[in-house]
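Contents: one structure, followed by commentary.
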Amino acid sequence: MLKAKAAAPDATDFLDVASLLSDEERLVRDTVNAYVRERVLPNVAGWFEAGTLPRDLGHELGRLGLLGMHLHGFGCAGASAVAYGLACMELEAGDSGVRSFASVQGSLAMYAIHRWGDEGQKVAWLPAMATGELIGCFGLTEPYFGSNPGGMRTRARRAGAGWILDGTKMWITNGSIADVAIVWAATDEGIRGFIVPRETRGFAASDIHRKLSLRASITSELVLTDCRLPAEALLPLADGLSAPLACLNEARYGIVWGAMGAARTCYETALEYSKTRVQFDRAIGGYQLTQEKLVNMLLELDKGTLLALHLGRAKDAGRLHPAQVSFGKLNNVREALAIAREARTVLGANGVTLEYPIIRHMNNLESVLTYEGTSEMHALVVGKEITGLSAFT
Amino acid sequence: MKIVVTVKLVPDPNAEKRIDPTTKRLVRTGVETVLNPYDEYALEAGLQLKERAGGDSRVTVFSMGSAALKETLRRALAMGADDALVLSDTALEGSDVWASAYAMAKALSTLEFDLLIVGGLTDDSSTGAVPGALAEHLGLPCITNARKIDVGDGKLEVERETDVGYQIVRGSLPVLITTALTFGEPRYASLKGIMGAKKKTIGTIGVSDLSLDLPVGTSGSKTELRSFAPPPARGKGRTVEAADGVAGATSIFEFLREKKFV
């Protein structure tokens with residue numbers, strides 16, 4: 001009997017994870033990959049250095065259909081969770097800031113309206129947000145309440161048929177460029193969500209400067225002072241803290257994939273560098289210490305990618321538990337950061353300049369480790385699940 | 001308006017290629033197949049014209065090649081083409097420019113169209129002769145190297161890119177047009193396009209579906225590939241060794257000036 005000869009493994013997709021994807025999923029991956037290669041990579045180091053993200057990026061991502069791509073109807077593509085994950089992976093292979101833009105728009109702001117809004121709110125906001133014509137942000141975190149959002153001080157009180165909001169939200173991606181903010185506030189009836197257009201009197205957004213991470217991303221503070229909203233600003237179906245947490249769970253799922261995109265870029269950069277960088281008359285990739293570093297990076301990269309795909313398939317089948325998303329986010333961001341740091345050592349001093357993408361990804365991943373649930377909180381979510389004992393409430 | 005765009009499926013231009021010494025044909029296994037990059041400009045032209053014309057305008061993608069690779073055309077459908085037709089038959093293997101264009105013309109004549117848009121060149125064989133031969137077989141006027149196409153009331157105006165500028169050419173429909181790389185960057189497929197593409201049809205026809213009067217494939221070809229050789233290996237090059245940066249830069253500058261690069 002003839003035995004088919006196995007093809008030599010790819011240097012990045014060593015386990016041939018691509019063979020588990022459908023033709024359509026591969027087309028999504030390749031399309032976003034080409035966009036990032038042609039439009040993001042040539043510019044992103046400059047954006048990072050200048051601390052900006054061009055507004056037109058939103059339009060471009062909208063034209064590609066990437067904003068809210070996993071939502072159904074209202075101008076959204078209705079793609080699978082796996083297709084959405086692959087898009088996040090390719091965007092973050094460019095920069096975590098670019099992926100954050102898409103995550104906040106699609107998984108936080110648009111998802112909140114899509115899941116918790118009424119028909120009128122969906123029709124009013126979602127189609128223009130899907131095209132990138134309107135930008136959204138998501139205000140949950142506050143200066144004194146990060147991991148414990150339930151303690152939020154932002155208050156909404158009834159005033160006639162409408163509401164008055166007061167409070168401050170912190171670390172809000174896209175805050176100052178947003179046309180609309182989804183703001184979560186405590187009321188006498190529990191935590192509720194509000195759609196706050198930027199022109200609302202009493203709403204102000206200012207940028208947070210001097211960040212050394214996610215520099216190609218706008219991060220803002222939102223201040224709401226006596227901010228009067230009509231009754232129809234309330235998201236009618238959002239009842240309690242579980243509503244914003246459901247949104248975060250969506251975004252975290254994208255990060256499980258995205259982190260492996262950043263890790264892939266770091267690994268591939270280190271691998272290429274190691275084959276051409278000569279020390280002691282030999283390419284450093286030929287030294288045992290370097291090979292071990294590269295192989296360790298590859299192991300975690302491919303395992304993390306398989307994990308992301310596994311969670312994606314479970315999500316598409318409707319059987320993904322939020323604690324499993326915590327498992328994925330904790331593992332993949334932690335490993336991506338470790339890969340970035342290891343890759344940096346392969347490049348030596350060259351690894352610390354923006355000529356190479358590694359230090360940019362490494363610094364970005366410090367934020368990714370913390371936002372959308374810190375690694376500590378995700379460990380405690382999984383810990384609570386396996387012991388039945390909560391360490392934080 | 002009915003538009004047909006021809007698209008060839010070619011090995012990834014960035015992949016290393018090999019020619020089989022026995023068949024003298026490009027080895028296509030183990031290399032990813034992509035849309036011929038030049039044809040993506042033709043497709044972009046077709047899609048822009050369809051969008052401008054509106055109504056029931058359609059873009060059909062036509063390809064001659066292996067039926068096994070036809071799913072690659074799904075990307076053209078994701079970019080916005082309405083359907084695709086593949087002419088595939090082992091009898092076509094080894095066709096030269098003349099035989100390829102003859103078979104393609106016979107297949108294309110089964111389709112109704114106002115505009116036939118063709119990429120200027122294929123990345124794998126690079127003859128650039130098929131568009132002209134196609135126009136001849138189909139009895140169509142041929143306008144090459146278009147950087148802009150306008151169609152209105154059955155009238156056609158094309159800006160042709162030339163070495164020294166551009167020409168404005170008027171003509172009537174139906175017509176064959178080849179596109180220049182200055183036409184405009186081919187669009188990215190959108191997520192909605194990708195998801196809609198799976199519902200679009202990729203039809204397949206063979207030689208028996210065409211009323212051919214002449215042989216195709218190797219026996220129908222008027223030219224024969226006698227031999228081939230890889231390009232000569234690049235020489236070792238010259239290494240500049242200098243005492244310091246200034247001396248090194250000076251000698252590199254002298255070298256560039258000698259070669260008239262600066």
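In the text below, chain A, chain B and the rest are named by the order of the sequence lines, each starting its count at 1. All figures in this text were calculated on a predicted structure; none of them were measured in a lab. Worth knowing before you read on, the calculation uses all heavy atoms, side chains too, and leaves out hydrogens, waters and symmetry mates.
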Do other residues, nucleotides or ligands put more than 12 heavy atoms under 6.0 Å from [X] [atom1]?
X: B:Arg52; atom1: CZ; result: yes
X: B:Lys148; atom1: NZ; result: no
X: A:Glu355; atom1: CD; result: no
X: B:Tyr38; atom1: OH; result: no
X: B:Lys50; atom1: NZ; result: yes
X: A:Phe280; atom1: CZ; result: no

Nearest 0.5 Å please: distance from the CZ atom of B:Arg74 over to the CZ atom of A:Arg26. 13.5 Å
Can you name the closest pair of heavy atoms from A:Arg63 and B:Ser190 and give their distance?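 Closest approach of A:Arg63 to B:Ser190, heavy atoms only: O-CB, 3.5 Å.
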How close do A:Ala77 and B:Leu191 get, counting heavy atoms only, and between which atoms?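 What the structure gives for the nearest pair is CB-CB, 3.8 Å.
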If you check every heavy atom in residues 34-45 of chain A against those of chain B, which residues fall under 4.5 Å? A:Ala34, A:Tyr35, A:Glu38, A:Arg39
side-chain contact (heavy atoms from CB on, under 4.5 Å) partner of B:Ile194, chosen from A:Asp30, A:Asp23, A:Leu64, A:Thr31: A:Thr31
What part of B:Ala189 gets closer than 4.5 Å to chain A, counting heavy atoms only: side chain, backbone, both or neither?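 When you check distances to chain A, atoms from both the backbone and side chain of B:Ala189 fall under 4.5 Å.
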